[in-house]
Amino acid sequence: MERENIIELKSVTKSFSDNGFVAVKDFNLEVKRGEFVTFLGPSGCGKTTTLRMIAGFEMPTSGEILLNGKPIQNLPPYERPINTVFQRYALFPHMNIFDNIAFGLRQKKTPKDEITKKVKKVLSLVDLEGFEERRVSTLSGGQQQRIAIARALVNEPEILLLDEPLGALDLKMRQEMQLELKEMHDRLGITFIYVTHDQEEALTMSDKIVVMSEGRIQQIGTPEDIYNEPKNAFVADFIGESNIFSGIMTGKKKVRFCGGEFDCVDDVPEGTHITAVVRPEDVRLTPPSEGMITGEVTSVIFKGIHYEIAVQSGKNEMEVKSIQAPKIGEKVGMSVDPDGIHIMIAEDHTNRFLVDINSDYRLEYNGKLLHASLTKLIRGGKRLDDGTIVDENGDTLDLAKTKIEASIQPQDIDMTDDAEEGLVEGNISNLIYQGDHYSYVIHTDLGQDFVVYDEDLWNMGDRVGLVMPTEKMSFALKKQGR
Amino acid sequence: MKFTRKSLCIPYALWLCLFVVAPLFVLFYYAFTDGTGAFTLSNLTGFFTDPNALGTLVYSFAIAIVTTAVCLLLAYPTAYILATGKLKERQGVILIFVMPMWINFSLRITALKELLDVIEGNLAMYPFLNAVIGMTYDFLPFMILPIYTTIMRLDPAYIEAANDLGANNRDAFFKVTLPLSMPGIMSGVSMVFLPAMTNYVVLDMLYNSTYIMGSLIGSYFSAYNWNGGSMIALILLGIICLFTLLGGSDEEETKARGGALL
């Protein structure tokens, strides 16, 4: 079957005039007739704004939206053959179910008996036969959801837009509706454009996923593509669970990260800074002597069919999914098969590393105090008289669960001969000349590699101290441990 | 005595008994007795056989209906623009509409009288018109505020849904916005219509000779016919109750929407 593009977005940009906020930047997408496309991203990524531009509630600041090849970006919503299922359904509370569903048909001046027939048919499609006379307020959330879908579908739109339609339902209901929506899509052959922040929902239902962040498309692909071949660290982190490390290529299909050297399948030139993504299910636990890297088990959580295990290896933490359960504190080895390592060429060389919180609730790294405020990183955080920090709920900060990530740019780190002077010391394990400066990789004793730019030439293997001014570092609260 | 949450309502309960329930009983007593204290229905039959009294009732109705209609026609577009427009100084504009309520009532009406005097020359020429103008002037904020609040609270998604389903802006207004602002309209109407039937002080201050229900009751009492006056007050109370009950079908919706401001 030949499938042409039903809708195309061409360099669509939307900025809001009142505050200058750019919600969508240079958005390009082609959707084929009958496809199930999902816009996936965290809240505020521009996915809903994009959907609203397709619906006609927002006009793009620039760019084109083509429906069957014709520009529609300036048409009002009531002149577009597109219907929307709203996030909170937006069923008209002053009308009964029949009138709600018949609203669109009446606008089109459909004959009365045909309206009755169509409403009956669409009600049976959503499994709510006989609900015509009911009032909206007497329906449960799930039923209102189905009516909202029926009200849109009865108009036989060319495209159905769904704005987080399952967000208000409980988990079980949501899973049922996911399958039903998918089935409805397959049966009706209508193009669905679906917005969600739930990656599982997106992976389950979509033919094509558009991952968005900060108004930009991060990746477009099938669920398998997005999961297995994330294009960048954002996608890898957002879709599924991932261990993400910065590292460097050390030879042909050899990569170094997390304090170990691994074989990989991607052929990236030696010396390239990379981001390595390892899915927790791709890490194998081995006896310490047989692992590519070793570490100590810090937590084991039973998840039904597997255990979720956190292993601390030097300064790095590896999340592992395994059916065997090691003990907390046990030394284990870990190995990853070459095809379990996904290499992405690092777009920036920012050094990211976890810092510690000491018993005085101050930040430190390598046992040395960092003069930075921890209070500011905790939402609603306050330091009490006894030095402890409480969060917005007044709970004392759980040191075991709070992880702070520091980042610093390669040019902000200075190397010194006096190894003791630095925040951390290590050996130069790699150097490349990059036109106006050298790019060094310093392999520290903590297992963390740092990238440093320096104009002077140092030698391979030199022992150096890394001076990192706290004011050049930025700190962020990593997601709380589960 | 142990202090509980319930104790907090004692002051108001006392007030209620003393100044609301007790006078109501007094009203009932006078309405159904004659000058000597004996039970009688003559006050009731007297009202419905007195052509003057019935005429006043009809005339009051006419003034109240016109006043309410004029208020609604002025208030709805105002409230709609205030609630949906992209006014930068929304609060300031609302203040302009509310401010008259903070100015002393008699001062306001006297000012209006002077103004009308200049425009019309002789106030006595247009008693009906002046009655409507005076009352509209006085009651308009009570119509604007509840409608404004109701429209403000309308989820814009309803309008978008109507647009999405093929309704242009005009259709969306008449099929969705207007019906959904009914609770505000009802609340505004009940706050304007009933006072407009009885508030003869406005008319007095405008030197307006128009005779409405309030004036009628007043005249009975100044003639020491407490029994007749009480009966008319009671009949008005009955009419008000009837209206409230008729409008009560919207109550469920009003509650669901959190009601209007007033």
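Here is the naming used below: chain letters follow the sequence lines, and residue numbers restart at 1 for every chain.
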So, for A:Gln107 and B:Gly166, which heavy atoms are closest and what is the spacing to 0.1 Å?
NE2-O, 3.5 Å

Counting only heavy atoms from other residues, nucleotides and ligands, does the tally under 6.0 Å from CZ of A:Phe16 exceed 12?
yes

Give me the atom names and distance for the closest heavy-atom approach of B:Ala161 to A:Arg151.
CB-NH2, 3.5 Å

How long is the gap from CZ on A:Phe86 to CG on B:Asp155, to the nearest 0.5 Å?
9.5 Å

Sort A:Ile82 into side chain, backbone, both or neither according to what part of it lies under 4.5 angstrom from a heavy atom of chain B.
backbone

How long is the gap from CG on B:Asn168 to CD on A:Glu79, to the nearest 0.5 Å?
8.5 Å

In terms of heavy-atom proximity below 4.5 Å to chain A, should B:Ala162 be classed as side chain, backbone, both, or neither?
both

For A:Lys70, look at atom NZ and say whether over 12 heavy atoms of other residues, nucleotides or ligands are found less than 6.0 Å away.
no

In terms of heavy-atom contacts, does CZ of A:Arg134 have more than 12 from other residues, nucleotides or ligands at under 6.0 Å?
yes

If I compare all heavy atoms of A:Leu91 with all of B:Tyr158, which pair ends up nearest, and what's the gap?
O-CE2, 3.1 Å

Evaluate whether atom NZ of A:Lys25 has more than 12 neighbouring non-hydrogen atoms of other residues, nucleotides or ligands under 6.0 angstrom away.
yes

Measure B:Asp164 against the heavy atoms of chain A and call it side chain, backbone, both or neither at under 4.5 Å.
both

B:Glu160 CD to A:Glu58 CD distance, which is reported to the nearest 0.5 Å
7.5 Å

Engaged part of A:Asn155 at the chain B interface, taking heavy atoms whose separation is under 4.5 Å
side chain

Where does B:Asp171 contact chain A at under 4.5 Å (heavy atoms): side chain, backbone, both or neither?
side chain

When every non-hydrogen atom of A:Tyr78 is compared with those of B:Ala167, the smallest separation belongs to CD2-O, 3.3 Å

Kindly compute the distance separating NZ (B:Lys175) from CZ (A:Phe92), expressed to the nearest 0.5 Å.
9.5 Å

In Å, rounded to the nearest 0.5 Å, how long is the span from CE of A:Met95 to CG of B:Leu180?
8.0 Å

